[in-house]
Amino acid sequence: MELDLFNGLNSRQTEAVRHTQGPCMILAGAGSGKTKVLTCRIANLIVNEGVSPDSIMAITFTNKAAQEMKKRIRNMIPGYSGQWIQTFHAACYKILRMDIQHLGYDKNFVIMDDSDCKSLLKSTLKENQFYDVKAEDLLYPIKQMKNRLANPEEFFINMKLSLEMKEKYLQIYRAYSRQLKEINALDFEDLIVLCTKLFRNFPEVLEKYRNWFRYILVDEYQDTNMSQYDLIHCLAERNKNLFIVGDPDQSIYSWRGAEPHNIKRFLKDYPEARVIKLEQNYRSTGNILDAANHIINYNTGREDKHLFTDSGPGELITCFNAPDSFQEARFIAENISEALASEGCRYRDCAIFYRTHAQSRVIEEALTRRNIPYKIIGASKFYDRKEIKDILSYLRLVCNPNDILSFERIVNMSKKGVGRKTLDKIRTLAQEKALPILEVLNFTEEIAGLGQKSRATLEEFYGMLKYFTALNDGGSSLADLLDAVLETTSYKETLIKNDHLEAEARLENIHELRSLALEFEQNGGSGLEEFLAGTVLVQEADDVDDSDLVFMMTFHGAKGLEFSHVFMSGMEEGVFPSYRSESREEMEEERRLCYVGITRARKRLFLSHTVTRLLYGYERNNAPSRFLKEIPEGLLKIPAQRVYLHTPIQEGDTVLHRKFGPGNVLELREDGIIAIIDFERGGTKMMRLDMAPLEKIG
DNA sequence: AGGATTAACTTTTTT
DNA sequence: AGTTAATCCT
């Protein structure tokens, strides 16, 4: 019996889903149903072609995309495990957990996130007394070097720096690598790079995985970097069952090491590859699509690709020029209210995009004034939060007594008395004795010049960690372990004492961490190592969910999402495109970012720009974005200039003035810009409603 | 050792 | 403007 996977697919999609053997590249335009194609193809392979489910590997960039794929396939094939539908990093983690010993690492390695790496670099710089090098200056080149699988010597020598600096960089890089290895830690890049090393240097290991992964699919191929390309190529080059999906026009991460060129490289490496273009868009109205097509056509050297839709032109695109960013924000708020009232949409159908997070504050304020609920996506990540990092540091130290970063983070937390000097002594002793940093605390009497107070703190800390370690070794659950940590450290009490304002939110986060631990174990996860790896690999920020709120995010954060009403704010030269994008390549990436933004919209698109904007403490007069001029005028509708008020005010309303207190609105003049108000304190005044600090209270 | 002040920045951040 | 890191001061 053939599962009907082809119902509702167009001919191109069907061709893609039916593709079974050999290399294939799908050029999938925005909203053309690429996830459908990916999931249906996997289902087709399993159900109709008899392929074993676990011999299929599907790689994504985000956990969200991986989850979504698993979910959709499970809808077609109940009980499907999808254990190799993973992000690049998670898949590599799984492989390395099985085979990293070939490379001389321990199986229980830990993963360091970027802030950990930065701290590590900082301490390395200090040790070497390189005061003229900043950790950030090194972090990016090191990542870039690893992403490109470059030779360190060559890479640093080719940097545009003085010879002395190049040598310093190389020296720090070596010290950094040594230290990572010493504490049995891998950074994000290592996960990929070490996997390729494993495959290249140990043919029998590669053979095992090649036999395992008979079919490989890669999503968002335009975002792969060189090491990721190499990884996939290693696995696929023999049987060539490689199915890649990508859209060069949505490549917006080249600044992070992605090489969109990999799409062309794929065709060189697999000249026999079948290429299928998905150009029919099922998301946006004709006008929106038209605008997107016009803009992206300004980029050079594009593959010929033109999105079309069967749906009608729809509404025109609204383009508003606001006097300042405050009125731009009110324009957005008012149009959201209007859409809710007259078009029957919900808050969650609306999204506001901006180029930088700094732009969100003014908009938030306007939404709050109108009582519009909103949620900011992607601003602060859960596992980046201080309280979470603190608590996790205890667990990490239980796992890995070498974890010097976690140690330094928490050793001075509950009881004070350990500062820079003492830490230096501990570090030195650890080196002398070649002991893990934690175990040095067993020898506090050997630390010269240690005060009574410091010693007491250290000994208590050591006892605490031994207790946690015993709990973990005794097989206690993660939730119990977390409770023990919270209890013994009095973390909550300290939090409330020191941090009245944010304590509640922080406590909530700690609670959430406990839930995550419970969930991890309920889903069959086991072991502190794997849980901790998950906390690094799943950097989940606040996510678009089922709640009925307006979503606010950067253009980058909008990729992969869709909303019926989209507001693109700050469409100004210097803001979007960013003033930092100077070269043609950078400008074209900004344009692709704009293309991504526009193609998120289903029904209505609102573009706005301002005459003057307050940004970084200065008022700036920005010209309208070049992207606005790239949209044919016929697609645009320019609303009449009007003043957007904090709150719509009518005659007879009661208002509250910041200085004069409550008052009654007697009369409105000049189309409602000017009001005559009778204040209880201060008498009758005439004021401009767009300037005055007024709130409507009745 | 730890709080207080000042200087230095500020694009985007899938893992 | 607003945040964060580095430095100074007690």
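We name chains A, B, ... by the order of the sequence lines, and we start the count at 1 in each one.
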Practice task
Measure from the side-chain heavy atoms of A:T62 and tell me the nearest of B:dT10, B:dT13, B:dT15.
Solution key: B:dT15
Please report the distance, rounded to the nearest Å, between [atom1] in [X] and [atom2] in [N].
X	N	atom1	atom2	result
A:L561	B:dT14	CG	C1'	12 Å
A:Q359	B:dT11	CD	P	12 Å
A:Q144	B:dT13	CD	P	18 Å
A:R591	B:dT12	CZ	C1'	17 Å
A:L537	B:dT15	CG	P	9 Å
A:Y616	B:dA7	OH	P	22 Å
A:K143	B:dT15	NZ	C1'	8 Å
A:Y221	B:dT14	OH	C1'	17 Å

Handout entry: Straight-line distance of A:I252 CD1 to A:F555 CZ, nearest 0.5 Å
Key = 10.5 Å
Problem - Separation between the P atoms of B:dT12 and C:dA5, rounded to whole Å - result: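 Approximately 15 Å lies between the P atom of B:dT12 and that of C:dA5.
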Exercise for the section: Provide the distance between the two P atoms, one in C:dT4 and one in B:dT13, to the nearest whole Å. Expected result: 16 Å
Handout entry: Nucleotide range of DNA chain C lying under 4.0 Å from chain A heavy atoms
Key = C:dA1 to C:dA6
Practice task
Decide yes or no, distance alone: a donor-acceptor N/O pair under 3.5 angstrom between the base of B:dT15 and the side-chain of A:R256.
Solution key: yes
Handout entry: Contact summary for A:A329 and A:V362, nearest pair of heavy atoms
Key =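 Result for this residue pair: CB-O, 3.7 Å.
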Check the phosphate of [N] against [X], side-chain N and O only, distance under 4.0 Å to OP1 or OP2. Yes or no?
X	N	answer
A:R355	B:dT11	no
A:N63	B:dT14	no
A:T87	B:dT14	no
A:K134	B:dA8	no

Problem - Modelled atom types, side-chain donor and acceptor of A:N621 and A:R613, under 3.5 Å - result: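 Judged by distance alone, the side chains do not pair up.
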Practice task
Give a yes-or-no answer on whether the side chains of A:Q359 and A:T356 include a donor-acceptor pair shorter than 3.5 Å.
Solution key: yes
Using a cut-off of 4.0 Å on non-hydrogen atoms, how would the nucleic acid contact of [X] be classed: base, sugar-phosphate, or nothing?
X	result
A:K64	nothing
A:F88	nothing
A:K122	sugar-phosphate

Practice task
Decide, applying a 5.5 Å centre-distance limit and a 30° plane-angle limit (both strict), whether A:W255 stacks on B:dT12.
Solution key: yes
Problem - Test: A:R620 cationic atom under 6.0 Å from A:Y579 six-membered ring centre, within 45° of axis - result: yes
Problem - Cation-pi, A:Y229 ring and A:R265 (6.0 angstrom, 45 degrees) - result: yes
Could you go over nucleotides 1-6 of chain B and give all protein N or O partners under 3.5 Å, atom names and distances?
unit_1 : atom_1 : unit_2 : atom_2 : d
B:dA1  : OP1    : A:G419 : N      : 2.7
B:dA1  : OP1    : A:T422 : OG1    : 2.9
B:dA1  : OP2    : A:R420 : N      : 2.9
B:dA1  : OP2    : A:K421 : N      : 3.1
B:dG2  : OP1    : A:G417 : N      : 3.3
B:dG2  : OP2    : A:N412 : ND2    : 2.8

Can we say [X] and [Y] salt-bridge, meaning some charged N sits less than 4.0 Å from an Asp/Glu carboxylate O?
X	Y	value
A:E387	A:R506	yes
A:R361	A:E364	no
A:R355	A:E590	yes

Handout entry: Output field: ring centroids A:F461/A:F407 closer than 6.0 Å
Key = yes
